[in-house]
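Structure record follows, encoded as structure tokens.
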Amino acid sequence: MARTPPARTYRGTARNLARLAACLRAGDLVAVPTETVYGLAAHALDARACARIFRAKGRPASDPLIVHLHSVRQLGLVCLPNAAAHRLARAFWPGPLTLVLPKTPAVPAIVTSGRDSVAVRVPRHPLFRRLLRLAGVPLAAPSANPFGYISPTTAEHVRQGLGGKIRHILDGGPASIGLESTIVDLRDPSRPAVLRPGAITAEQIARVLGRRVAAPQPAAAQPGAQVAPGLLARHYSPRTPLVLHKKVPAALRGRAPANEAFLLQRQPRGAASAAHVFWLDATGDLPGVARRLFAMLRRLDAQGFVRIHAELAPDRGLGRAINDRLRRAAAR
Ligand code: AMP
Ligand code: MG
């Protein structure tokens, strides 16, 4: 098989967007910026194009893809929306919310891993939106990383992971949210359930729907088990072993050898901290923690530490999504 020439990174000029939209329509892969993490996009109604996504990522065929639309008006093309879907769409789209709904025959089986439901989202990132409009077709896109590794939040992360496997990367700057979308199962609208926590919380969804929303089980509660399609206990993982702590005691930091890293939620008070102590946000502000989490895990993974001790976020709101990713990253 012919080797893929190294990836080229494009700025979002009108010319580049038109060119990349044409590539997508022709069945090529393009890595795209989104507000959650970078995605690896292909024409969602073209089974051969979607097969390329699985090959480039080394993703098992059993893990379905999310279909991205430019507008809620395209919903009927790929799924059978219900009233609950329209409500959540009005409240949260464009944005980091994915809905699972019964699919139409237009969606190839490879996209849904043979299921009769499809995951759909209208994203918010302005460049991705322009590309979706120019392409004029729904785009299937999982995170643009080799399967199982930490999701990419910059174009450079995509190049490092997939640079030899894909040809086009659209650079839209660092992802503003930094965690994958919230996924809500709406197949039975009377029993909505969050399959994957994200920036939009179960409480926000419950408020809009006016009913209880089942929350996902914490990742660590099912070692090795696959709760929902694609939701493997181990995912988003650095190669360096990760140990989680509710709170990292200052004494532990003090006596640990320099080849063990400490990743705190916030900047420690008092004494100047050691070279192996890192934090995600100066004040522990959760959106800041979420935005920097994956880039920081990559950075620490590249530094040759024998172990990373990471502190969990408070278990509420966005903290639940942050902790979900930390637990999956730590699962062995
Ligand atoms: P990724 O795009 O890599 O962040 O992962 C997409 C995730 O969406 C999958 O791993 C599944 O958890 C979920 N998903 C996609 N399609 C479906 C579906 N039809 N039913 C349930 N979950 C889905
Ligand atoms: Mg992924």
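Each ligand, and each atom within it, is numbered from 1 in the order the structure gives.
- Near P64, the atoms of ligand 1 lying under 4.0 angstrom from a non-hydrogen atom of the residue are 6 (C), 9 (C), 14 (N), 15 (C), 16 (N), 17 (C), 23 (C).
- Side-chain N or O atoms of T36 include none that pairs as donor or acceptor with a backbone N or O of E180 at under 3.5 Å.
- Other residues, nucleotides and ligands contribute at most 12 non-hydrogen atoms within 6.0 Å of the CG atom of D116.
- Put simply, the side chain of R124 never gets that close to the backbone of P96: no donor and acceptor are under 3.5 Å apart.
- Counting non-hydrogen atoms of other residues, nucleotides and ligands closer than 6.0 Å to CZ of R87 gives a total of 12 or fewer.
- Within the 4.0 Å heavy-atom criterion, the part of R196 lying near ligand 1 is the side chain and not the backbone.
- Of the N or O atoms in K57, none lie within a sub-3.5 Å distance of an N or O in ligand 1.
- Counting heavy atoms under 4.0 Å from ligand 1, residue H68 does not touch it at all.
- Clustering of Ile, Leu, Val, Met, Phe, Trp and Tyr side chains at separations under 4.5 Å places L170 together with Y10, L17, L20, L24, V30, V32, L127, F128, L131, L132, L134, V137, L139.
- Of all protein atoms, those of element N, O or S that lie under 2.8 Å from the Mg ion (ligand 2) number 1.
- Heavy atoms of K103 stay at 4.0 angstrom or farther from ligand 1.
- At under 3.5 Å, a nitrogen or oxygen of S117, whether backbone or side chain, sits near a nitrogen or oxygen of ligand 1.
- When non-hydrogen atoms are compared, ligand 1 lies under 4.0 Å from the side chain of I183 (C-beta onward) but not from its backbone.
- When the shell of 6.0 Å around CZ of R187 is examined, it contains 12 or fewer heavy atoms from other residues, nucleotides or ligands.
- When the options R320, R327, R328 are evaluated for a salt bridge (charged side-chain N to carboxylate O under 4.0 Å, His left out) with D324, the one that passes is R328.
- The option from S151, S181, P142 that lies nearest to atom 2 (O) of ligand 1, judged by heavy atoms, is P142.
- Contact annotation: for T112 versus ligand 1, there are no heavy atoms closer than 4.0 Å.
- Here is the list of ligand 1 atoms found below 4.0 Å of a heavy atom in D63: 9 (C), 10 (O).
- T153 and R291 share no side-chain donor-acceptor pair at under 3.5 Å.
- Screening S117, P192, P64, C79 against V100 for a side-chain contact (heavy atoms from CB on, under 4.5 Å) leaves a single residue, S117.
- Under 3.5 Å, the side chains of N145 and S143 contain a donor-acceptor pair of N or O atoms.
- Side chain of R292 to backbone of L280: a donor-acceptor contact under 3.5 angstrom is found.
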